[in-house]
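As structure tokens, the structure follows; a few thoughts come after it.
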Amino acid sequence: MNFKDAIFFFLFLFGVTCFAIASDKNTSHKAKVAIPDVALLALRFEENSSVDFVGTTTGAGDQLNLKSKQKPGVWLNYSSIGNGVQKRKVTATVAGIIPAGLTVTVKAEESIGSGVGELGRSNGIVQLSESPSDIISGIGSCYTGSGIQNGHLLSFNVEIDDDAFYENQNSEESVLSIVYTLTDDN
């Protein structure tokens, strides 16, 4: 076999091998996509995390007025991914003792901002207590966006039942913590 024949034979084998490799165009492997169950909740504050109600009167003989000292600016953000039919809700619970004669309420405004998905609905003005109260319901797979101007703006109010308040009140400060929970809505 001369040199030209050897090169021709080598090129022929190389071409057949490349053709055999190139002709096997269909191959596959499995790829798994896992979507985790997600239930995350956060509070974001425009100013600070405290909402202070200060009692004031305008003069002798006037009723006590409890008004918030500042604009609360508390935003509730959440992310939720669950199965297709599962809904979630946000509850609020008071940790501490609400003074006799006072009613503390919270209202979650409808969600605004950059959120996407099946965002929850506000339950309007809800009275808070030591038991969980639903403030947002109907949350599906979604996210509200993060930070202020995203999610649900929370507003608070304190009302006085004059008879119960003046009968049982002393002049001590009451500090309450409001605990929010994102939970399954069964």
Side-chain angles (χ1 to χ4, degrees), residues 39-80 87-139 142-186:
L40 300 171
L41 182 68
L43 294 174
R44 300 293 184 241
F45 308 99
E46 289 180 10
E47 294 174 15
N48 62 51
S49 63
S50 181
V51 178
D52 299 326
F53 289 92
V54 178
T56 60
T57 61
T58 55
D62 288 341
Q63 177 183 14
L64 179 67
N65 186 2
L66 280 173
K67 293 290 180 192
S68 177
K69 220 165 82 171
Q70 76 274 343
K71 177 183 168 195
V74 179
W75 291 87
L76 188 108
N77 301 158
Y78 52 83
S79 296
S80 173
K87 299 292 185 222
R88 292 196 166 111
K89 64 184 177 180
V90 175
T91 63
T93 308
V94 172
I97 298 172
I98 300 172
L102 295 183
T103 301
V104 180
T105 61
V106 64
K107 180 181 181 190
E109 300 296 332
E110 294 301 328
S111 181
I112 65 168
S114 62
V116 174
E118 192 176 354
L119 298 165
R121 299 175 313 278
S122 170
N123 290 344
I125 297 172
V126 176
Q127 182 175 336
L128 298 178
S129 70
E130 293 82 17
S131 299
S133 301
D134 297 351
I135 63 169
I136 300 170
S137 58
I139 299 170
C142 65
Y143 63 91
T144 60
S146 182
I148 62 172
Q149 302 298 318
N150 285 297
H152 301 266
L153 177 63
L154 303 177
S155 57
F156 305 88
N157 191 33
V158 175
E159 296 175 6
I160 300 174
D161 173 337
D162 286 336
D163 293 334
F165 178 78
Y166 286 103
E167 190 174 302
N168 297 300
Q169 194 48 250
N170 58 40
S171 61
E172 293 180 10
E173 183 177 280
S174 294
V175 178
L176 306 173
S177 292
I178 303 173
V179 178
Y180 301 91
T181 306
L182 177 61
T183 184
D184 290 344
D185 192 1
N186 296 329

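Keep in mind the model is a prediction, meaning the values are calculated, not measured.
Salt-bridge annotation for Asp184 and Arg88: present, with a side-chain N of the basic residue lying under 4.0 Å from a carboxylate O of the acidic one.
Closest approach of Gly96 to Leu176, counting heavy atoms only: C-CD2, 3.9 Å. Nearest approach of Ile139 to Gly120, heavy atoms of both residues: CG1-CA, 3.5 Å. Of all the heavy atoms in Gly145 and Ser114, the pair that sits closest is CA-OG, 3.6 Å. Across all non-hydrogen atoms, the minimal contact from Glu130 to Ile98 is OE2-N, 3.8 Å. Listed here is the closest heavy atom pair of Glu109 and Ser155: OE2-OG, 4.1 Å. The nearest pair of heavy atoms linking Glu110 to His152 is C-ND1, 3.8 Å.
Expressed to the nearest 0.5 Å, how far OG of Ser111 lies from CH2 of Trp75 amounts to 8.5 Å. Rounding to the nearest 0.5 Å gives a distance of 11.5 Å between CG of Asn77 and CG of Leu182. Annotation: the span from Leu154 atom CG to Lys107 atom NZ amounts to 11.5 Å, rounded to 0.5 Å. Note: Thr183 OG1 to Leu41 CG = 11.0 Å, rounded to the nearest 0.5 Å. How far CG of Leu128 is from CG of Asn157: 11.0 Å, rounded to the nearest 0.5 Å. Here Thr93 contributes atom OG1 and Ile178 contributes atom CD1; the two are 10.0 Å apart, rounded to the nearest 0.5 Å.
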Residue pair Asp134, Val126: steps toward the side-chain contact (heavy atoms from CB on, under 4.5 Å) verdict: CA-CA 8 Å; Asp134 297 351; Val126 176; over 6 Å; no
Evaluate side-chain contact (heavy atoms from CB on, under 4.5 Å) for Leu43 paired with Leu76, printing each intermediate quantity in order. CA-CA 5 Å; Leu43 294 174; Leu76 188 108; 3.6 Å; yes
Decide side-chain hydrogen bond (donor to acceptor under 3.5 Å, both in side chains) for Asn150 and Thr144; before the verdict, give the C-alpha distance in whole Å, the side-chain angles of both, and the deciding distance to 0.1 Å. CA-CA 6 Å; Asn150 285 297; Thr144 60; over 6 Å; no
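Contact annotation: the side chain of Arg44 approaches that of Ser146 to within less than 4.5 Å [non-hydrogen atoms, C-beta and beyond]. Using a 4.5 Å cut-off on side-chain heavy atoms (C-beta onward), Leu40 and Tyr143 make no contact.
Partners of Asn123 according to the side chain to side chain donor-acceptor pair (under 3.5 Å) rule, which considers only residues two or more places apart in sequence or in another chain, are Ser137.
Annotation for Ile125: atom CD1 does not count as buried by contact number, only 12 or fewer foreign heavy atoms lying within 6.0 Å.
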